[in-house]
Amino acid sequence: MPVIAVIGAQWGDEGKGRVVDLLAEKADVVVRFSGGDNAGHTVINSYGESKLHIVPSGIFSPRAVCIIGNGAVVNPGALFKEIGMLNQKGVDTSRLYISDRAHVIMPYHILLDDLEETSCVDRAIGTTHKGIGPVFSDKIARRGIRIGDLLEKQAFREQLHFILEQKNLILTKIYGASPLLFEKIYEEYVEYGKRLSPYICETTAMLDEALRAGKLVLLEGAQGTLLDPDFGTYPYGTSSSSIAGGASIGSGISPNKITKVLGVFKAYCTRVGSGPMPTELKDETGDLIRERAHEYGATTGRPRRCGWFDAVAAHFSHRINGFTGMALTRFDILDTLPVIKICTGYKVDGKTINDFPASIAMLGKCVPVYEEFPGWRAATCDVRKFNDLPSAAKKYVKRLEELVGCPANLVCVGPAREQTIEKSPAI
Ligand code: IMO
Ligand code: MG
């Protein structure tokens, strides 16, 4: 059975949750392998519309075991809120497990994320203020607290004491903020540990067993390739690896066991937060896409920047991830447009380039070169077979396949599960 990594191929918000929810009907295990509650995965199914931030989007499937992997970070308060929301809808969360190696988002991470962003407004990343940069910095700097640590009361006490002393120095001496109180945090997080204990386990052993039994495993990405710390528009990105390579690191599944990598692309582009986006449309077409698609962040409610499909960035994304196929989401949003454009190159300093630059200074100067397509101007939301799409729509998909370099497995023509065209098998 395959292990399929579902990867955000652009700047996040591509519809990974929607795709995972669909594929999870057939999956045995779904693992969230990176990020934290900075993610916002909107899923629409028989339970209505749900916005998931840390719980894997496979939770609605009655049989899939869901794992928050070692590569993800957990805010326990936010997790319990989400579990409560799901239980209220009648969703069974007893199949949820959390890696004992996943790091914990602590109150000082959130505070420092706020202070770092507000103290340098002109260089702000535009983060989600969920403590993501600070928690992953601490992980790498070996100052982090892991979920499993919450169960060892005495060791946790000493560890938190040591870390909080340093954090309070930063809070008071650098930012002039009030120090945080040790006992309050300690008590709160020991209590979280108790409540989390039924969920905590050695998830790599569970996954190993699942693979040996030939089960179908989905690895659910968060954020997107162009927000990845190595390959994204650094420093305007997130702090954990959102690419296919990260799926192995963040789950403990060996790279040689991942059999498929499904790249999730919107049929256009969006970005939320700061940083360059060459195809951004600051005009009425951009506004039209935003309103028609309701492009507002699921986590922060911020309006998303909208633009044409960037095939230069998409081809780069394919190079990094090795997509075996793509899922093209929000395709129906383009239904009303008279003309649709794809960016196939950039003009910069009088030259045309076709490769996505590492430098954001250069990317900021890039002017897109576009190929234009006549719009199909017909509703696609009820189409279920690729051949039934208007011919202009088929042309657009085929050109994207050529430019990105991999076949489209799925074309999503609406938010509901059934509004999906399976052009070729994704599993
Ligand atoms: P999903 O999983 C879109 C962006 C933020 C900001 C940058 C850093 O729903 O696709 P962070 O809080 O991670 O330190 O913010 O990354 N960002 C996302 N943009 N979708 C997401 O997740 C995102 N998660 C973070 O807007 O620009
Ligand atoms: Mg999102």
Side-chain angles (χ1 to χ4, degrees), residues 5-21 30 32-44 49-57 68-69 71-73 75 78 82 103 105 109-118 120 123-140 219-229 231-243 246-247 250 263-266 269-277 280 293-306 317 327 329-330 360 415:
V6 180
I7 303 296
Q10 295 160 317
W11 277 286
D13 299 325
E14 300 91 347
K16 298 173 289 292
R18 184 230 188 280
V19 170
V20 169
D21 173 62
V30 181
R32 245 302 286 278
F33 67 78
S34 70
D37 59 324
N38 51 344
H41 295 181
T42 305
V43 172
I44 298 177
E49 180 176 300
S50 311
K51 289 187 194 303
L52 299 175
H53 301 286
I54 186 64
V55 173
S57 303
I68 298 174
V73 287
N75 174 337
E82 206 164 302
H103 279 245
I105 301 176
H109 292 135
I110 297 170
L111 199 51
L112 286 167
D113 194 356
D114 281 343
L115 291 166
E116 282 167 15
E117 282 285 280
T118 47
C120 55
R123 296 186 75 87
I125 305 291
T127 72
T128 59
H129 293 252
K130 300 291 181 188
I132 300 301
V135 71
F136 281 109
S137 304
D138 274 357
K139 173 176 175 175
I140 302 306
L219 304 174
E220 176 179 357
Q223 290 80 53
T225 301
L226 304 176
L227 293 171
D228 181 79
F231 298 105
T233 49
Y234 187 87
Y236 294 101
T238 193
S239 303
S240 65
S241 183
S242 40
I243 59 171
V264 187
F265 290 87
K266 262 181 197 161
C269 269
T270 64
R271 169 163 209 175
V272 63
S274 318
M277 174 184 173
E280 181 174 9
H294 195 71
E295 290 289 1
Y296 292 87
T299 302
T300 59
R302 291 176 292 175
R304 296 182 185 136
R305 301 152 66 189
C306 300
S317 186
T329 62
R330 316 291 329 246
I360 53 156

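In listed order, ligands and their atoms are each counted from 1. The analysis underlying the following values was restricted to heavy atoms, covering all of them including side chains, and did not include hydrogens, waters or symmetry mates.
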Query - Per-atom contacts, ligand 1 versus G237 - under 4.0 Å to a heavy atom - result: 7 (C), 8 (C)

Report task. Among all protein heavy atoms, pick out the one at the shortest distance from atom 12 (O) of ligand 1; state its residue, atom name and that distance to 0.1 Å. Result -> T128 OG1, 2.6 Å

**Report entry** Those atoms of ligand 1 less than 4.0 Å from some heavy atom in G273
**Finding:** 27 (O)

Report task. Give the atoms of ligand 1, by number and element, whose distance to some non-hydrogen atom of K16 is under 4.0 Å. Result -> 1 (P), 2 (O), 10 (O)

Query - atom 4 (C) of ligand 1 - nearest protein heavy atom and its distance - result: L227 CD1, 4.0 Å

**Report entry** Heavy-atom closest pair, residues C269 and W11
**Finding:** SG-CZ3, 4.3 Å

Query raised in the report: Would you say H41 has any N or O atom under 3.5 Å from an N or O of ligand 1, going by distance alone?
Result: yes

Query - Candidate list I44, V43, T42, test side-chain contact (heavy atoms from CB on, under 4.5 Å), partner P415, passing option - result: I44

Requested in this report: Taking E14 for its side chain and G12 for its backbone only, find out whether a donor-acceptor pair lies under 3.5 Å.
Outcome: yes

Report task. Under 4.0 Å from a heavy atom of I125: give me the atoms of ligand 1 that qualify, with their elements. Result -> 8 (C), 27 (O)

Query raised in the report: Is it the side chain (CB and beyond), the backbone, both or neither of N38 that lies under 4.0 Å from ligand 1, heavy atoms counted?
Result: both

Report summary line: Quick note on ligand 1: atoms under 4.0 Å from a heavy atom of G40 include exactly 1 (P), 9 (O)

Report summary line: For A39, the atoms of ligand 1 under 4.0 Å from one of its heavy atoms are 1 (P), 2 (O), 9 (O), 22 (O)

Query raised in the report: If you measure from each heavy atom of R304 to ligand 1, is any distance below 4.0 Å?
Result: no

Query raised in the report: What residue and heavy atom of the protein are closest to atom 13 (O) of ligand 1, and at what distance?
Result: T238 OG1, 2.6 Å

Query - Of R304, R330, K266, R18, the residue whose pairing with D13 passes salt bridge (Lys or Arg N to Asp or Glu O under 4.0 Å) - result: R304

Report summary line: Heavy-atom closest pair (K130 atom, T299 atom, distance to 0.1 Å) is CE-CG2, 3.5 Å

Query raised in the report: Does E295 reach the main-chain N or O of T270 with its side chain, forming a donor-acceptor pair under 3.5 Å?
Result: no

Report summary line: Taking only non-hydrogen atoms of G126 and a 4.0 Å limit, the atoms of ligand 1 in range are 5 (C), 6 (C), 26 (O), 27 (O)

Report task. Output, in order, the C-alpha distance, side-chain angles, deciding distance and verdict of side chain to side chain donor-acceptor pair (under 3.5 Å) for D138 and H103. Result -> CA-CA 9 Å; D138 274 357; H103 279 245; over 6 Å; no

Requested in this report: Ignoring hydrogens, just give me the one of E14, Q223, K51, E116 whose non-hydrogen atom is nearest atom 23 (C) of ligand 1.
Outcome: Q223

Query raised in the report: Quick check: does G40 put an N/O/S atom under 2.8 Å from the Mg ion (ligand 2)?
Result: yes

**Report entry** For ligand 1, the portion of Y236 having any non-hydrogen atom under 4.0 Å away
**Finding:** neither

Requested in this report: Report yes or no: does K139 contribute a side-chain atom to a donor-acceptor pair with the main-chain N or O of G71 at less than 3.5 Å?
Outcome: no

Report task. Consider ligand 1: state whether an atom of it lies below 4.0 angstrom from any non-hydrogen atom of R302. Result -> yes

Requested in this report: Find, among atoms of D13 that are N, O or S, the one nearest to the Mg ion (ligand 2), and state its name.
Outcome: OD1

Query raised in the report: So, the side chain of S34 versus the backbone of A72: is there a donor-acceptor pair under 3.5 Å, distance only?
Result: no

Query raised in the report: Which of these, L226, V272, T270, D13, has its nearest heavy atom closest to atom 20 (N) of ligand 1?
Result: D13

Query raised in the report: Which ligand 1 atoms, with their elements, are less than 4.0 angstrom from a heavy-atom of A222?
Result: 2 (O)

Report task. Return yes if some donor-acceptor pair links the side-chain N/O of E220 with the main-chain N/O of V6 below 3.5 Å, else return no. Result -> no

Report task. Identify the heavy atoms of T225 and A9 that sit nearest to each other, and give their distance. Result -> OG1-CA, 3.9 Å

Query - Main-chain N/O of G126 paired with R302 side-chain donor or acceptor, under 3.5 Å - result: yes

Report summary line: Tested for side-chain hydrogen bond (donor to acceptor under 3.5 Å, both in side chains) against D113, the lone hit among N38, T127, T128, T118 is T127

Report task. Report the nearest protein non-hydrogen atom to atom 15 (O) of ligand 1: residue, atom name, distance rounded to 0.1 Å. Result -> T127 CA, 3.4 Å

Query raised in the report: So is K130 polar-close to ligand 1, meaning N/O to N/O under 3.5 Å?
Result: no

